[in-house]
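Working notes, beginning with the structure itself.
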Amino acid sequence: MGKDLTAQRPLRVQLGPLELKNPIVTASGTFGYGLEFTEFVDLSKIGALCTKGLSLRPHAGNAPPRICETPAGMLNAIGLQNVGVEVFLAEKLPRLRELGATVIANVWGDTEEEYVAVVGALEDAEGLAAIELNISCPNVDKGGMLFGNSPAATASLVSRVRAESRSTLVVKLSPNAPDLIESARAARDSGADVLSLVNTFVGMAIDPATARPRLSFGTGGLSGPAIKPLALRMVFQVARALPGAPLMGIGGISDLSDVLEFLAAGASAVQIGTANFRDPGVSERLVGELAAYCSERGTTVSELVGRAQRTGTGGEAGAEG
Amino acid sequence: MGKDLTAQRPLRVQLGPLELKNPIVTASGTFGYGLEFTEFVDLSKIGALCTKGLSLRPHAGNAPPRICETPAGMLNAIGLQNVGVEVFLAEKLPRLRELGATVIANVWGDTEEEYVAVVGALEDAEGLAAIELNISCPNVDKGGMLFGNSPAATASLVSRVRAESRSTLVVKLSPNAPDLIESARAARDSGADVLSLVNTFVGMAIDPATARPRLSFGTGGLSGPAIKPLALRMVFQVARALPGAPLMGIGGISDLSDVLEFLAAGASAVQIGTANFRDPGVSERLVGELAAYCSERGTTVSELVGRAQRTGTGGEAGAEG
Amino acid sequence: MRADHRAVLLLRRVFSPGFFSVTFRAPALAREVSPGQFVMLEVAGRLRPYLRRAYSVADAEPDTGEVEFLVRTIGPGTAALEDLAEGSAASLLGPLGNGFSVAGLGSRSRVAVVAGGIGAAPFPLLFRAFAAAGIPADLYLGGRNAAELGFRSRFDGIVRGETVLSTDDGSLGEKGFVTDAFARRAAPDGPGYARVFACGPMPMFAALAKVVERFGVASEFSTEAAMGCGFGACLGCVIPGREKPFVISCLEGPILPPERIAWEKI
Amino acid sequence: MRADHRAVLLLRRVFSPGFFSVTFRAPALAREVSPGQFVMLEVAGRLRPYLRRAYSVADAEPDTGEVEFLVRTIGPGTAALEDLAEGSAASLLGPLGNGFSVAGLGSRSRVAVVAGGIGAAPFPLLFRAFAAAGIPADLYLGGRNAAELGFRSRFDGIVRGETVLSTDDGSLGEKGFVTDAFARRAAPDGPGYARVFACGPMPMFAALAKVVERFGVASEFSTEAAMGCGFGACLGCVIPGREKPFVISCLEGPILPPERIAWEKI
Ligand SMILES: Cc1cc2nc3c(=O)[nH]c(=O)nc-3n(C[C@H](O)[C@H](O)[C@H](O)COP(=O)(O)OP(=O)(O)OC[C@H]3O[C@@H](n4cnc5c(N)ncnc54)[C@H](O)[C@@H]3O)c2cc1C
Ligand SMILES: Cc1cc2nc3c(=O)[nH]c(=O)nc-3n(C[C@H](O)[C@H](O)[C@H](O)COP(=O)(O)OP(=O)(O)OC[C@H]3O[C@@H](n4cnc5c(N)ncnc54)[C@H](O)[C@@H]3O)c2cc1C
Ligand SMILES: Cc1cc2nc3c(=O)[nH]c(=O)nc-3n(C[C@H](O)[C@H](O)[C@H](O)COP(=O)(O)O)c2cc1C
Ligand SMILES: Cc1cc2nc3c(=O)[nH]c(=O)nc-3n(C[C@H](O)[C@H](O)[C@H](O)COP(=O)(O)O)c2cc1C
Ligand code: FES
Ligand code: FES
């Protein structure tokens with residue numbers, strides 16, 4: 001796609017303090033550290049990339065099998081394997097800066113202290129646009145209850161990190177939270193600058209031959225087109241419940257039409273995840289397609305955000321069947 | 001498939017008071033009143049059929065569009081259109097009896113009183129094997145809060161119905177409940193004989209051209225293969241939390257391998273839903289395939305139930321990524 | 001009897017960009033189908049599209065066992081048909097729906113067929129029925145532009161009466177909507193049609209409904225709705241009705257008289 | 001350089017039931033691929049399979065631009081390849097992975113290739129490299145039964161050394177596991193192999209790892225793991241390692257020396 005088009009201002013979006021040249025961001029854990037994609041994507045062309053989830057120390061992750069395919073999606077239980085924040089700062093970030101990438105560091109911890117420490121280590125790193133907190137992790141101080149699964153735990157973690165950091169904070173919500181809207185509100189009220197949603201849905205696959213789960217961990221996170229209708233509904237409902245809260249929509253986004261759906265639902269930017277595996281060049285291509293779409297219609301991305309909210313209908317959780 | 005095979009005892013399953021000749025049941029709202037399928041399925045061959053959700057009076061349902069396709073699934077907001085319990089008893093049930101069908105009446109209401117009334121009207125009907133309560137409906141007495149979305153509301157409804165009815169009660173759980181296991185426990189402790197899970201997941205699709213939801217109702221229920229990994233995980237977790245509770249597994253089941261997965265997870269029977277639309281003969285064919293599977297391996301369906309539980313691993317909600 | 005017919009694709013013919021026909025071998029279906037009925041078609045082994053798609057039977061040859069469909073490429077379902085290799089199989093569930101009625105019509109009762117774009121699909125088979133019963137019939141075929149009239153050649157030799165073409169942009173035939181082209185001729189001093197058969201997009205139906213009501217001409221519309229099953233099981237295909245809230249279009253239709261439809265609700 | 005090559009299927013050849021080869025036209029890939037490397041293959045327009053599947057490049061002709069894969073039908077991915085019509089296209093992402101190393105080998109260093117079933121896939125291209133460097137090489141090809149040796153004819157004329165066939169059921173060649181057939185010959189008084197190249201199911205690797213360790217023969221295994229991406233982005237393809245917890249098989253492999261793998265953890 002032509003530089004001219006993709007560099008156009010019509011694609012720029014503002015999410016609280018975070019300005020992106022365009023709304024196409026690659027999702028954590030599906031884009032490595034960005035450097036794996038240099039042959040497929042000009043990293044300077046996409047809105048931003050989210051790194052694999054970083055922890056204070058290198059982390060080995062779960063035993064294989066870690067992934068399996070499901071209808072229109074996949075399950076993963078990678079177990080947050082990553083090189084650790086030090087190696088990231090020493091070996092990955094400088095290279096990403098050279099390539100002109102806009103980088104969002106996705107981070108996680110086992111305790112609130114660890115989150116604070118990781119964020120602290122990244123605080124003054126040159127060339128980080130924002131830090132994204134993955135709160136879908138077990139809190140070892142709370143018997144492994146996930147930080148993201150109660151508004152209280154979410155609020156406690158986010159305000160703790162907010163107090164210690166000047167960075168732009170993106171809080172990534174879990175769709176497995178009992179009450180997503182309350183969790184979103186808690187994150188926002190505790191100082192999140194941007195909310196990204198959603199992370200993967202807890203699912204399972206069993207091998208009939210052995211009657212054992214296909215993933216060694218047992219359960220795994222469902223991602224891909226299969227979850228798109230659920231993720232889109234969640235973005236729509238959070239956008240309705242928290243008007244003005246900057247949102248990044250995530251879940252099964254694979255083509256331009258998916259991007260337009262999430263923008264219409266109320267997301268100011270989107271994250272492309274599993275689609276990167278099938279089609280490593282998809283993110284840059286979507287920037288081009290979105291630019292063409294906007295120029296053909298003489299519109300801007302900002303104008304496309306939240307249009308479905310204004311049409312009024314729906315959004316309520318309805319009777320099924 | 002040969003009569004001999006499909007009539008074999010190895011397929012029989014016992015769910016509390018409910019004995020079925022085989023574990024293949026068709027799901028409510030995806031099998032009409034059974035009579036729409038007589039050219040495709042010998043109704044006497046399948047374990048049972050669940051009727052479209054019945055209400056006290058005929059119900060018109062939602063304005064179109066009511067359905068739309070999604071990746072490996074579909075969204076629906078039919079709005080529970082049905083002929084009402086009287087017409088069902090007068091015109092549908094007698095015909096189903098003649099055809100030798102095992103019938104489970106799926107029912108719903110706007111208030112606890114209405115549930116009681118519908119169940120009462122069906123109470124002494126000849127040839128009903130069980131009554132299935134669809135609790136994924138708004139309670140107009142509680143400002144439209146869904147009966148299925150809080151353990152308390154579920155307990156109140158189920159114990160009320162239980163008190164007034166001698167019928168075998170199946171309670172159909174909603175995957176949208178904030179805490180599915182607590183809702184399952186509440187339903188079981190309030191007198192449900194069998195738990196069926198899951199109903200559809202609330203989702204959404206937007207037409208990028210108009211920025212309006214594709215369904216006139218706004219949101220809709222997601223069903224089909226896309227939800228299978230989520231439904232399977234839920235069945236596994238409820239089976240683990242409530243040992244001995246008879247379960248019917250539902251969600252995206254389309255082939256023998258899916259059936260075996262749900263049995264292994266802990267379901268004693270399964271319901272086939274959206275697959276009936278693509279492949280109207282699928283339910284009877286699965287009975288034959290399951291019979292062949294059991295006789296080849298010299299096993300019985302009962303032996304296949306819950307095998308994945310015994311393998312020990314997994315089931316916990318895990319960190320994503 | 002309705003059944004799921006496994007059928008082999010014999011031939012694909014492209015009429016204009018995005019407008020093509022597919023001919024399958026399905027003897028039982030060819031024998032049983034009547035004009036206006038449809039099938040739910042599945043191209044096996046694909047999750048995309050997940051649901052079957054409805055296609056009106058365009059033509060059927062009981063002798064050869066061939067069944068033809070006219071298709072316009074729109075999304076995954078029609079794309080799957082465009083990709084299907086000749087010689088490979090698809091599943092045709094049908095015949096479904098009620099079909100057109102030519103009862104009470106004869107050589108002295110002239111009829112009109114009004115079709116918009118892909119709305120031409122069900123009519124070759126109906127023209128066979130007209131021919132068999134000696135019913136004189138005119139064809140009004142309209143579209144946005146010449147490309148959308150791609151199927152016009154499919155009617156060469158089978159339309160005994162007049163063929164009137166129209167395009168919104170005037171690139172072929174009369175300029176304007178096909179409903180206007182019809183209205184001009186159907187006017188009181190016109191041929192005086194005994195019945196009108198129509199298929200096209202909902203806006204065309206809404207306009208045509210007014211015209212036929214004004215002229216008091218009995219008519220049958222081949223309606224279209226998103227269908228989950230095609231045989232009454234999902235209740236996804238309803239159309240707002242007059243004498244009751246909703247008409248189940250796959251069972252009570254797809255062929256419906258306009259007076260049964262609540263146009264203002266669409 | 002790694003790229004996503006849109007390639008047209010030129011030819012499909014069936015060797016035995018469920019064992020077939022597909023030849024694509026992909027000139028750039030044919031030029032760049034080295035023995036043991038693989039591609040992630042996608043048959044477009046399908047949600048099933050959703051993820052690409054990995055296939056070792058079996059052979060490549062830089063002059064003609066042809067790239068061949070040997071495939072065994074198992075599930076949706078391989079089925080999609082079986083259904084793909086000659087003349088239609090697929091996407092080949094590659095070349096990926098590290099590949100076999102023939103460095104330091106010459107006409108005086110005899111090598112052995114040990115393949116189990118579909119494990120034959122990567123070796124035609126490797127035998128080309130042997131021929132080019134004048135390296136004498138024997139082929140040990142094993143399978144459960146004769147059908148699983150379907151690809152043996154693919155090696156006719158390209159194996160300069162000995163070809164030893166074996167089947168678990170004795171229906172073809174020596175009876176027993178291919179690893180035993182190899183062990184019998186590789187024994188101290190045997191040819192004395194300078195290097196062993198192997199590909200097959202994990203149980204075969206585990207057995208072979210013991211044998212080569214006993215004889216102190218350097219070897220390279222083409223490992224297999226479920227792969228989400230093929231280029232290091234998903235971390236789904238790890239194999240338990242010796243010097244570190246996990247080896248990323250798509251990046252550091254798929255060709256790995258057995259001593260780097262923690263067999264007891266598999
Ligand atoms: C009774 C009946 C008979 C039919 N007969 C035929 C026939 O003979 N030939 C034929 O080609 N089609 C026919 N259709 C339409 C057909 O069933 C498909 O809906 C249509 O081809 C689109 O399917 P798709 O998967 O290609 O696109 P979809 O993915 O279903 O649609 C793609 C996009 O186009 C929109 N869309 C869907 N249908 C239409 C439409 N008709 N016009 C404009 N936009 C649309 C959808 O909302 C969606 O946004 C018939 C439908 C019915 C109900
Ligand atoms: C580096 C690499 C190179 C490969 N090269 C080739 C090649 O050249 N030719 C080739 O045919 N395949 C090759 N494979 C395997 C291939 O990628 C597919 O995994 C395999 O063909 C099955 O895919 P599927 O979609 O057909 O079946 P899937 O749906 O992936 O598998 C169906 C079922 O079989 C099981 N299964 C998956 N793979 C295997 C297997 N290998 N053996 C037994 N059961 C299995 C799965 O667990 C599942 O239960 C390679 C894999 C890797 C990692
Ligand atoms: C069109 C449609 C209508 C449905 N109607 C009902 C209903 O009336 N009552 C009910 O309890 N469930 C209803 N369901 C839910 C199904 O019974 C089933 O729980 C759900 O679709 C998940 O199973 P599946 O993925 O196999 O379809 C309906 C589902 C669909 C797709
Ligand atoms: C293999 C894999 C690894 C992931 N790792 C992480 C991670 O480390 N941190 C995180 O916040 N999300 C992680 N995710 C979640 C994705 O960022 C994304 O939220 C989710 O996959 C839904 O989007 P998608 O359907 O487009 O993939 C991972 C997803 C996948 C598939
Ligand atoms: S399409 Fe399912 S009821 Fe009409
Ligand atoms: S397959 Fe994705 S990292 Fe190896």
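Computed over heavy atoms, backbone and side chain alike; hydrogens, waters and symmetry mates excluded. A note on names: the letters A, B, ... follow the listed sequences, proteins ahead of strands, and every chain is numbered from 1.
Counting only heavy atoms from C-beta outward, the side chains of A:Pro229 and B:Met204 never approach each other to under 4.5 Å. Residues B:Leu230 and A:Leu230 form a side-chain contact, since some pair of their non-hydrogen atoms from C-beta on lies under 4.5 Å apart.
No other option in A:Ser28, A:Ala72, A:Ser254, A:Ala231 has as many heavy-atom pairs under 4.5 Å with chain B as A:Ala72. Among B:Leu222, B:Leu263, B:Asp258, B:Val259, the residue with the largest count of heavy-atom pairs under 4.5 Å with chain A is B:Leu222. Counting heavy-atom pairs under 4.5 Å between each of B:Leu260, B:Leu232, B:Val235 and chain A puts B:Leu232 at the top.
Between A:Arg307 and B:Ala209, the shortest heavy-atom contact is NH2-O, 4.1 Å. Taking each heavy atom of A:Pro208 and B:Glu261 in turn, the nearest pair found is CG-CG, 4.3 Å. Of all non-hydrogen atoms in A:Thr219 and B:Arg233, the two that sit nearest each other are CG2-CG, 4.0 Å.
B:Glu69 pairs by the salt bridge (Lys or Arg N to Asp or Glu O under 4.0 Å) definition with C:Arg53, not counting sequence neighbours.
Contacts between B:Ala177 and chain A at a heavy-atom distance below 4.5 Å are absent for every atom of the residue.
For residues 172-181 of chain A, no pair satisfies salt bridge (charged side-chain N to carboxylate O under 4.0 Å, His left out), with sequence neighbours left out.
Separation of atoms CZ (A:Phe262) and CD1 (B:Ile206) is listed at 8.5 Å; rounding is to 0.5 Å.
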